[in-house]
Amino acid sequence: QVQLVESGGGLVQAGGPLRLSCKLSGRTFRTDTMGWFRQAPGKEREFVALISASGSIIRSADSVKGRFTISRDIAKNTLYLQMNRLKPEDTGVYFCAGDPRNSGGYSPILYDYWGQGTQVTVSS
């Protein structure tokens, strides 16, 4: 059974950092593209960043480029999202997800399995 468990969310002041973690069980990062998404209240879920199964391809949304970094530790089967210089508009529930078909796309419908989400709130 595939399971993703996020952690690390919380309340942070604008300009501060936060690191999210996502522990994977039941599958391996070596076969699946992994992504981070977020959803603000009343808005659709949106792509934040992805890392390919090989680890050689990393993509991020324009809104977070230069501020957020996706990474993974294969030995720990854990995915990370380092978020720096946070803004109030970064507030939302953050989800990690896996794409076993390695489509490389940004749409949430391409991802088969999801974590439960972790809340990030950035105060101004």
Side-chain angles (χ1 to χ4, degrees):
Q1 183 181 355
V2 181
Q3 189 174 26
L4 289 170
V5 179
E6 300 100 336
S7 61
L11 174 65
V12 62
Q13 284 192 333
L18 205 60
R19 189 176 82 155
L20 305 182
S21 300
C22 173
K23 175 76 172 175
L24 171 66
S25 58
R27 288 190 71 85
T28 172
F29 292 143
R30 295 185 190 278
T31 59
D32 297 357
T33 292
M34 300 300 298
W36 284 100
F37 292 79
R38 66 186 181 188
Q39 189 166 17
K43 294 190 176 181
E44 292 187 351
R45 194 166 296 189
E46 65 174 3
F47 167 77
V48 175
L50 69 80
I51 183 168
S52 66
S54 67
S56 61
I57 298 173
I58 290 177
R59 298 286 184 263
S60 56
D62 289 343
S63 58
V64 306
K65 269 192 176 76
R67 300 189 299 122
F68 291 12
T69 303
I70 187 172
S71 63
R72 64 184 189 179
D73 185 328
I74 291 178
K76 295 181 180 179
N77 235 23
T78 301
L79 182 73
Y80 301 101
L81 185 68
Q82 177 66 46
M83 305 185 293
N84 297 325
R85 301 198 306 278
L86 280 159
K87 304 175 181 179
E89 50 264 43
D90 294 320
T91 294
V93 179
Y94 283 69
F95 300 88
C96 59
D99 171 17
R101 289 176 296 280
N102 296 293
S103 64
Y106 302 161
S107 172
I109 65 173
L110 297 172
Y111 288 74
D112 282 4
Y113 54 94
W114 293 78
Q116 82 288 352
T118 185
Q119 176 70 44
V120 173
T121 303
V122 184
S123 64
S124 56

A.B. asks: Where do Asp73 and Ala75 come nearest, in terms of heavy atoms and distance?
C.D. replies: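 Taking Asp73 first and Ala75 second, the nearest heavy atoms are OD1-N, 3.1 Å.
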
A.B. asks: Tell me the closest heavy-atom pair linking Ala53 and Thr31, and the distance in Å.
C.D. replies: CB-C, 3.6 Å

A.B. asks: Would you say the side chain of Arg67 lies within less than 4.5 Å of the side chain of Met83, judging by non-hydrogen atoms?
C.D. replies: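 When only atoms from C-beta onward are counted, Arg67 and Met83 do not touch, as no gap falls below 4.5 Å.
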
A.B. asks: Can you tell me which residue pairs pass the ring pair (Phe, Tyr, Trp, His ring centres under 6.0 Å) test with a partner in residues 60-110, sequence neighbours excluded?
C.D. replies: Phe47-Tyr106

A.B. asks: Is the shortest side-chain N to carboxylate O distance from Asp62 to Lys65 below 4.0 Å?
C.D. replies: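 Between Lys65 and Asp62 there is a salt bridge, with a charged N closer than 4.0 Å to a carboxylate O.
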
A.B. asks: If we only count heavy atoms from C-beta on, is the Lys76 to Ser21 side-chain gap below 4.5 Å?
C.D. replies: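 Contact flag for Lys76/Ser21 side chains = no.
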
A.B. asks: What's the separation between atom CD in Gln82 and atom CD1 in Ile70, rounded to the nearest 0.5 Å?
C.D. replies: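 The CD atom of Gln82 sits 12.5 Å away from the CD1 atom of Ile70.
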
A.B. asks: Using a 4.5 Å cut-off on heavy atoms from C-beta on, say whether the side chain of Arg30 contacts that of Ile74.
C.D. replies: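 In contact.
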
A.B. asks: Please step through side-chain contact (heavy atoms from CB on, under 4.5 Å) for the pair Tyr111 and Arg45, ending with a clear verdict.
C.D. replies: CA-CA 12 Å; Tyr111 288 74; Arg45 194 166 296 189; over 6 Å; no

A.B. asks: If Ile, Leu, Val, Met, Phe, Trp and Tyr residues are connected whenever their side-chain heavy atoms lie under 4.5 Å apart, and connections chain through other members, are Trp114 and Val120 in the same group?
C.D. replies: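 Different clusters: Trp114 never reaches Val120 through Ile, Leu, Val, Met, Phe, Trp or Tyr contacts under 4.5 Å.
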
A.B. asks: So, taking the atom named CG in Asn77 and the one named CG in Leu24, what distance separates them when rounded to the nearest 0.5 Å?
C.D. replies: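 Answer rounded to 0.5 Å: 4.5 Å.
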
A.B. asks: Quick one: list whatever passes side-chain hydrogen bond (donor to acceptor under 3.5 Å, both in side chains) with Lys43, sequence neighbours left out.
C.D. replies: none

A.B. asks: Taking side chain to side chain contact (heavy atoms under 4.5 Å, CB included) as the definition, give me every residue that meets it alongside Pro88, ordered by chain and number, with sequence neighbours left out.
C.D. replies: Ala14, Val122, Ser124

A.B. asks: Quick one: does any side-chain atom of Gln116 pair with a main-chain N or O of Glu6 as donor and acceptor, under 3.5 Å?
C.D. replies: yes

A.B. asks: Check the hydrophobic clustering (I, L, V, M, F, W, Y; side-chain heavy atoms under 4.5 Å; chains of links allowed) and say if Ile58 and Phe29 are grouped together.
C.D. replies: yes

A.B. asks: Does some side-chain heavy atom of Val64 sit less than 4.5 Å from a side-chain heavy atom of Arg38?
C.D. replies: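 In contact.
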
A.B. asks: Do the side chains of Val93 and Leu4 join up, straight or via other hydrophobic residues, at under 4.5 Å, putting them in one cluster?
C.D. replies: no

A.B. asks: Can you tell me how far the CG atom of Asp99 sits from the CG atom of Asp112, to the nearest 0.5 Å?
C.D. replies: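 The CG atom of Asp112 is 6.5 Å from CG of Asp99, to the nearest 0.5 Å.
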
A.B. asks: Applying a strict under-4.5 Å side-chain criterion to I, L, V, M, F, W and Y, I'd like to know whether Phe37 and Leu50 cluster together.
C.D. replies: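 Linked, Phe37 and Leu50 end up in one cluster.
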
A.B. asks: If I take atom OG1 from residue Thr118 and atom CG from residue Leu18, how far apart are they, to the nearest 0.5 angstrom?
C.D. replies: 8.0 Å

A.B. asks: For Ser52, what residues pass the side-chain hydrogen bond (donor to acceptor under 3.5 Å, both in side chains) criterion, not counting sequence neighbours?
C.D. replies: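 Per chain and number, Ser52 pairs via side-chain hydrogen bond (donor to acceptor under 3.5 Å, both in side chains) with Ser54.
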
A.B. asks: Do Met34 and Val2 share a hydrophobic cluster, counting only Ile, Leu, Val, Met, Phe, Trp and Tyr and linking them when any side-chain heavy atoms are less than 4.5 Å apart?
C.D. replies: yes

A.B. asks: Write down the atom of Asp32, the atom of Pro100, and the distance for their closest heavy-atom approach.
C.D. replies: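 Shortest heavy-atom contact: OD1-CA, 3.3 Å.
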
A.B. asks: Look up atom OG1 in Thr33 and atom CD1 in Ile51, then write down how far apart they are to the nearest 0.5 Å.
C.D. replies: 9.0 Å

A.B. asks: Can you list everything that forms a side-chain hydrogen bond (donor to acceptor under 3.5 Å, both in side chains) with Thr121? Sequence neighbours excluded, please.
C.D. replies: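 Listed in chain order: Gln119.
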
A.B. asks: Residues in side-chain hydrogen bond (donor to acceptor under 3.5 Å, both in side chains) with Arg59, at least two apart?
C.D. replies: none

A.B. asks: Please report the interatomic distance CG(Leu86) to OG(Ser123), rounded to the nearest 0.5 Å.
C.D. replies: 10.0 Å

